[in-house]
Q: 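This structure is in structure tokens; I'll ask about it shortly.
Chain naming here is simple, since letters A, B, ... match the order of the sequence lines and numbering starts at 1 in each.
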2 protein chains.
Amino acid sequence: MPTGKPPTSHDVARLAGVSQSTVSLVFRGAAGGRVGQRTQRAVLDAARQLGFRPNADARRLRVGGPRMVLIAVPDIVNPFFARVFTGARTAARERGFQVVLSVQRDLESVAADVAGQQVDAVLACSLDDGGRPLDDAVPAVVLDAEPPEGQGSVRFDIAPALTDVVDHLHRLGHRGIAHLRADVRTATFRERAEAVDAACAARGMNRVHASSALDVDAARAAALPLLAGGGSGPCAPGAFTAVVCDDDVLAVGVYKAAQALGIAIPGGLSVTGVDDVDLAMAVTPELTTVDLPGEELGETGMRRLVAELERADDEQAGGERVGADRGSDAGACVRLPAQLLIRGSTARPGTPLPLR
Amino acid sequence: MPTGKPPTSHDVARLAGVSQSTVSLVFRGAAGGRVGQRTQRAVLDAARQLGFRPNADARRLRVGGPRMVLIAVPDIVNPFFARVFTGARTAARERGFQVVLSVQRDLESVAADVAGQQVDAVLACSLDDGGRPLDDAVPAVVLDAEPPEGQGSVRFDIAPALTDVVDHLHRLGHRGIAHLRADVRTATFRERAEAVDAACAARGMNRVHASSALDVDAARAAALPLLAGGGSGPCAPGAFTAVVCDDDVLAVGVYKAAQALGIAIPGGLSVTGVDDVDLAMAVTPELTTVDLPGEELGETGMRRLVAELERADDEQAGGERVGADRGSDAGACVRLPAQLLIRGSTARPGTPLPLR
DNA sequence: TTGAAAGCGCTAACAC
DNA sequence: GTGTTAGCGCTTTCAA
């Protein structure tokens, strides 16, 4: 007569006519040579009959499971974040850490996940701006975002990469560009905008901009008036021969708009993107873009986090240090290089875009 | 003098000069009105000073956390699986279940994850062939795979969709096709191959095939000799005017090969894919493909799983049923429709491919 | 308003 | 070989 509660090892023991610790031995596989064959079989049978499964919580409480770090990303369908996750997971496993994934945009929800699981540390990727260190007392490293406080962070060195993009176009002979920005308010996109602006200014290049949500259709819609000469900014509309996009997805939208308007790429218009997704290689011509090594971002962040945890262990083991010594370089901000990949979508400017 | 072990609520109690249960009250937020302000502050201060964090395992052992289901996918970077995960997660949350992700290809590793966490059920997507029900006693539903035993499964109704593809090409006037298969041995790809073969046979269409790993470069390499007329099969090489691909990624490879050979799409060659990834919309011309609604797959599977769990609960609560009643429709295999999306990459055949 | 005490289900010494 | 026992860190009556 099973009750509403799942069976415990006691129940199994009773049914098998053995003691509870024998059940424990059998289920841990530590029964080799210590528990008789008959007994073992009896235990297993009783367990099956009852549908018994060892309670992992109780086991972990007793024995202490592997340490866990939670990885938070805003969107796992986006392959970039999936790569970050993969990289982080790899690094964690190497060090014997388990990882749990939390797909959340806001800190609140991440904090809830942290409380719910037995989490030892948090790796938070591309969180929305304005996040404080979520919970104190939980070591954390943020990825691709403004480090909230004295916390560690790993980010791309994105500004030089976008400077390279502009420079590349400039050297090809482009003298005016349009910048299609992603309508996302995170640090990385702000940095991209600033870098493009600065690079254009430094080279005396004409510059207009538009912005769009991070999907192809929105980008297409935003690009259409721009390419058709409807740009409204301080610069004369139409006075650009290249579009610099904040993301490859936006670049695809520009391809579509250009196609709709009968503008050839790269003959009539050069286009660049950021974040070397498969998209960049799939389109024709292949897209000149900036490679953002997501896996490496995840790996590097996880390694920092693990190092921090292990330092904390040592500290405790070795007795207390003076306060000033704590946190050594925990607040440091590592920058990962982002590399420009030149492909077929950029070329010397042909005829400037006709105003329509 | 902190030891190597993390502080417990007892430590906090001692430092704050209160009892352990008071600490517990404060940390559960159940202190409102029951614990004095001064006491509360003292507890919080002591906790901060010690770096105390409640032990989630102990808490769950006592109070029983939300139930968890583990979702296993072979590759989270593949957006299809990411969508499956997302759909499953959504459905789980609606019912108050937590989800944990396990990225593994083989059953062994999944089983390890199941044992490590307190998992109540498993949703396994696209596992390699030959998997038995991983652990008995853990309810499981498999997605997009041969149901191992009497277990539930949810899969796409892929055969009719590929029949539609062939039929579509046939109606356009194509009389011979090449089938570019994915070099992956799972049930879904076997079904695709069989469906294409059968559909061609039924219509008396010429058919050759090749196979390739699931990436663009491999597909391109595989498509090149095929398009150049080097196909080796029972059918005369070159006697096709369309390529049916097992996956959109493969189709992109075919685009590249066609481009390299100066073959226009769809003028000189029609191409189709499967699995409506962003890729299909990004390429030019847009790819005729079969939409595989991954989110729906995940949602449906999770709903089945949750229903099964809740049925089990009821059963236990209401006393034991006779054995024959168990499992009602647990072994049923649901099929989700997969829809053909016709886009620009298919058209009536122009000149047949020249043999080179 | 706070404290004492009894477990949650399991593991790991240690006894028999 | 198998059983006894004492906790793991927390929640939760029940007293004070």
Q: Can you measure Gln20(A) atom CD to dA6(D) atom P for me and round it to whole angstrom units?
A: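 Computing the Gln20(A):CD to dA6(D):P distance gives 14 Å.
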Q: Regarding Arg59(B), tell me which of base, sugar-phosphate or nothing describes its non-hydrogen contacts under 4.0 Å with the strands shown.
A: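 Sugar-phosphate only.
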Q: Can a side-chain donor-acceptor contact be found between Ser9(B) and Gln20(B) if the only test is distance below 3.5 angstrom?
A: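 Distance-only check passes for Gln20(B) and Ser9(B).
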Q: Of the nucleotides dT12(D), dA6(D), dC10(D), which one has an atom closest to the side chain of Asn55(B)?
A: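 Output: dC10(D).
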Q: Rounded to the Å, how far apart are Arg62(A) CZ and dG7(D) C1'?
A: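 After rounding, the reported distance stands at 6 Å.
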Q: Looking only at heavy atoms, which two atoms of Ile71(A) and Arg89(A) are closest? And how far apart?
A: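 That closest heavy-atom pairing would be CD1-N, 4.3 Å.
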Q: Reading DNA chain C from 5' onward, which residue's closest nucleotide shows up sooner: Ala58(B) or Leu25(B)?
A: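 Closest to the 5' end, via its nearest nucleotide, is Leu25(B).
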Q: Search all heavy atoms of Ser102(B) against all heavy atoms of Asp113(B) and return the closest pair with its distance.
A: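 Answer, listing the atom of Ser102(B) first, then Asp113(B): OG-OD2, 2.7 Å.
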Q: Ignoring backbone atoms, test whether Ser19(A) places a side-chain nitrogen or oxygen under 4.0 Å from the OP1 or OP2 oxygen of dT2(D).
A: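 Indeed not, no polar side-chain atom of Ser19(A) lies that close.
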Q: Quick check: on DNA chain C, is the nucleotide nearest Ser21(B) upstream (toward 5') of the one nearest Ser24(A), or the reverse? Name the residue that is more 5'.
A: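 The residue whose closest nucleotide sits nearer the 5' end is Ser21(B).
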Q: In whole Å, I'd like the distance from the CZ atom of Arg38(A) to the C1' atom of dT2(D).
A: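 After rounding, the reported distance stands at 14 Å.
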Q: Phe52(A) and Pro7(A): which non-hydrogen atoms are nearest, and at how many Å?
A: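 Heavy atoms of Phe52(A) and Pro7(A) come nearest at CD1-O, 3.3 Å.
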Q: Measure from CZ on Arg60(B) to P on dT11(D) and round the result to the nearest Å.
A: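 Value for this atom pair: 13 Å.
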Q: Is a side-chain N or O of Gln40(B) found less than 3.5 angstrom from the main chain of Val35(B), in a donor-acceptor match?
A: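 Confirmed, Gln40(B) side chain pairs with Val35(B) backbone.
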Q: Between Arg60(A), Arg67(A), Arg59(A), which is the residue that forms a salt bridge (Lys or Arg N to Asp or Glu O under 4.0 Å) with Asp57(B)?
A: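 The salt bridge (Lys or Arg N to Asp or Glu O under 4.0 Å) with Asp57(B) is passed solely by Arg60(A) among Arg60(A), Arg67(A), Arg59(A).
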Q: Answer yes when Arg155(A) and Asp144(A) have at least one side-chain N-carboxylate O distance shorter than 4.0 Å, and no when they do not.
A: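 No.
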Q: Taking heavy atoms of chain B and a 4.0 Å limit, find me the 5'-most and 3'-most nucleotide of DNA chain C within that range.
A: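 Contact span on the strand: dT1(C) to dG9(C).
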Q: Can you tell me how far C1' of dT11(D) sits from CZ of Arg28(B), to the nearest Å?
A: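 That distance rounds to 6 Å.
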Q: Would you check, one step at a time, whether the test salt bridge (Lys or Arg N to Asp or Glu O under 4.0 Å) holds for Arg83(A) with Glu296(A)?
A: CA-CA 9 Å; Arg83(A) 286 197 300 267; Glu296(A) 203 183 326; over 6 Å; no
Q: To check you understand the geometry: which heavy-atom pair defines the closest contact between Phe81(B) and Asp75(B), and what is its length?
A: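 Here Phe81(B) and Asp75(B) meet closest at CD1-O, 3.2 Å.
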Q: Taking five pairs at each end of the helix from dT1(C)-dA16(D) to dC16(C)-dG1(D), what angle separates the two helix axes (nearest 10°)?
A: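 Nearest ten degrees gives 40° for this helix.
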